[in-house]
Amino acid sequence: MAAPKSSFLGKVLDRIGRLDREGLQSVVERLARERSFLETLFNTIEDGVLVLDETGRILYYNQAILTLLSGQGQLLEGQPIDRLLPELDWQTLARSDAKGGVSVTRHELEIRYPRHRFLSIYAAPLDGEASGSSGMALIIHDATEARAKTFAAIETERVQALTLLAASVAHEIGNPLNALDIHLQLMEREVRRLKAGAPTAAPNRLRRELRRHKAPAVAQPSVYLEESAQKLEKYLAVAKGEIARLDYIIRQFLEALRPAPAKLAAGDINRVVQETVELLRPEIDNRGLSVEQQLASNLPAIPIDPGQIKQALVNLVKNAIQAMTKGGRLTLRTSHASEGIVVSVADTGGGIPEEKINRIFEPFYTTKKKGSGLGLMIVQRIVREHGGRIELESRVNQGTTFRIWLPLRERQPRLLAAGDEDTTRQPMS
């Protein structure tokens with residue numbers, strides 16, 4: 001239909017000055033028929049179609065929009081998109097459109113009104129890739145059913161997943177337990193030798209010296225005791241390290257298996273970031289890394305569980321630390337965003353290959369030799385508990401950046417008019 005319409009409009013525009021009254025009437029009738037045809041076509045589509053002007057106000061919508069977002073009987077023309085779809089970051093879309101470039105972008109949203117849905121939104125500027133803005137078209141697809149099928153498939157695999165988890169935890173626990181057993185045996189051997197009073201270094205010579213009462217025999221036992229003490233200290237340090245590793249594995253396992261609900265209260269995100277850096281400062285310094293904190297000033301308090309957010313940041317920072325070698329730079333940044341705040345953790349490590357990025361949040365999947373594959377899954381769960389989103393950007397040999405978006409306000413259910421559960425929106429002030 002596109003080519004004939006363009007051809008028809010081109011002929012009309014070329015002859016508009018020469019058309020008489022009957023010609024103009026014929027043109028108007030044909031345009032009315034084409035409009036009616038297009039409206040019928042759009043209204044048969046199950047996906048929602050929205051056309052917005054450059055300020056984000058609605059110029060056109062099809063019937064599917066009323067089902068997905070509003071309810072029947074609502075007059076949407078002229079309304080700002082923020083009122084119909086407050087979860088959409090219109091300001092970011094508008095800025096991207098004004099710059100020109102990529103013609104179609106894809107976004108995923110979770111909405112609560114008029115019912116809980118997951119939406120896939122395709123946004124395309126009306127002027128293509130040209131700079132400036134003349135408006136935007138949005139195609140809105142209801143991905144709720146597809147998501148439900150995905151969760152159903154995941155549910156059927158839970159037994160396999162739990163089996164894999166048990167095997168993974170057993171393997172992770174087995175290594176430090178083996179190291180503990182070996183070093184405890186070494187410690188036991190040293191203790192037995194100390195009790196026997198028989199030095200291990202050159203025992204025959206020292207025993208002869210002791211029997212002959214020579215001068216060196218007086219000093220050697222203390223030297224031996226010092227050497228034994230140093231060995232025991234070394235063995236104890238290894239054992240303590242392995243116990244700490246066991247504790248970390250078990251805590252990760254319990255966090256993944258029995259997540260605690262977030263206790264949200266107004267909190268200072270910058271303070272949480274600073275406390276996280278101070279907590280991990282010894283490890284950062286020990287690896288010879290530099291850390292930079294770019295914290296935005298005048299950030300408002302937001303609803304967070306400080307302990308859980310710190311746990312998420314600790315996981316991300318530890319991953320960043322382990323991805324870098326001496327001289328690497330760790331950057332933590334906070335900034336304002338549309339209806340929220342963004343916290344980012346960036347490293348200058350080797351990056352994550354593109355074929356691995358899609359699996360990075362999967363449970364038990366890890367790119368580290370000694371990883372449990374649960375850390376990022378826990379981070380994702382914490383962010384979702386806060387009503388936020390997490391994004392990943394990585395370039396091989398350049399580094400990786402994780403961005404967490406957290407909302408300014410705790411998500412509240414929208415009230416519906418009495419007697420109409422799904423179709424009528426309450427008036428907005």
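Heavy atoms only: backbone and side chains are in, while hydrogens, waters and symmetry mates are out. Since the model is a prediction, treat every value here as computed from it, not as a measurement. One is the number of the first residue; the rest follow in order along the sequence.
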**Complete:** Between L88 and the options D82, L119, I81, the side-chain contact (heavy atoms from CB on, under 4.5 Å) test singles out I81
**Prompt:** Among all residues two or more places apart in sequence or in another chain, which pass the side chain to side chain donor-acceptor pair (under 3.5 Å) test with H141?
**Reply:** D47
**Message:** For the backbone of E39 and the side chain of N43, can you confirm whether one donor and one acceptor N or O come within less than 3.5 Å of each other?
**Reply:** yes
**Message:** Per the salt bridge (charged side-chain N to carboxylate O under 4.0 Å, His left out) rule, what does the pair list look like for residues 54-64, sequence neighbours excluded?
**Reply:** none
**Prompt:** Would N315 and L376 satisfy side-chain contact (heavy atoms from CB on, under 4.5 Å), going step by step from the backbone distance to the final call?
**Reply:** CA-CA 7 Å; N315 273 316; L376 287 178; 5.9 Å; no
**Prompt:** Given L109 and L85, is the side-chain contact (heavy atoms from CB on, under 4.5 Å) satisfied, shown in steps?
**Reply:** CA-CA 10 Å; L109 295 180; L85 197 58; 4.2 Å; yes
**Prompt:** Under a 4.0 Å N-O cut-off, is there an ion pair linking E108 with R389?
**Reply:** no
**Asked** Given V291, which of V317, T331, L330, D285 fulfils the side-chain contact (heavy atoms from CB on, under 4.5 Å) condition?
**Response** L330
**Request:** Mind checking side chain to side chain donor-acceptor pair (under 3.5 Å) for E188 and listing every partner two or more places apart, or none if nothing turns up?
**Result:** none
**Message:** Quick one, L52 with W90, criterion side-chain contact (heavy atoms from CB on, under 4.5 Å). Give me CA distance, side-chain angles, the key distance, then yes/no.
**Reply:** CA-CA 10 Å; L52 312 175; W90 166 251; 3.6 Å; yes
**Prompt:** Who are the salt bridge (charged side-chain N to carboxylate O under 4.0 Å, His left out) partners of R95, not counting sequence neighbours?
**Reply:** none
**Shortest non-hydrogen separation from R117 to D142 and the atoms involved** = NH1-OD2, 2.8 Å
Show me the side-chain donor-acceptor pairs of residues 344-351 shorter than 3.5 Å, one per line, residues at least two apart or across chains.
unit_1 : atom_1 : unit_2 : atom_2 : d
D347   : OD1    : G349   : N      : 2.8
D347   : OD1    : T400   : N      : 3.2
T348   : OG1    : R329   : N      : 3.0

**Request:** Mark yes or no for whether N270, through its side chain, and S297, through its backbone, hold a donor-acceptor pair below 3.5 Å.
**Result:** no
**Request:** Given side-chain contact (heavy atoms from CB on, under 4.5 Å), test H386 with I404 step by step and report yes or no.
**Result:** CA-CA 10 Å; H386 284 71; I404 296 174; over 6 Å; no
**Asked** With a 4.0 Å cut-off, would you call E292 and R333 a salt bridge?
**Response** no
**Asked** Who are the side chain to side chain contact (heavy atoms under 4.5 Å, CB included) partners of L126, not counting sequence neighbours?
**Response** V51, S134, A137
**Prompt:** Would you call E275 and R271 a salt bridge, taking side-chain N to carboxylate O under 4.0 Å as the test?
**Reply:** yes
**Asked** Per the side-chain contact (heavy atoms from CB on, under 4.5 Å) rule, which among I309, V273, T276, V272 passes with V343?
**Response** V273
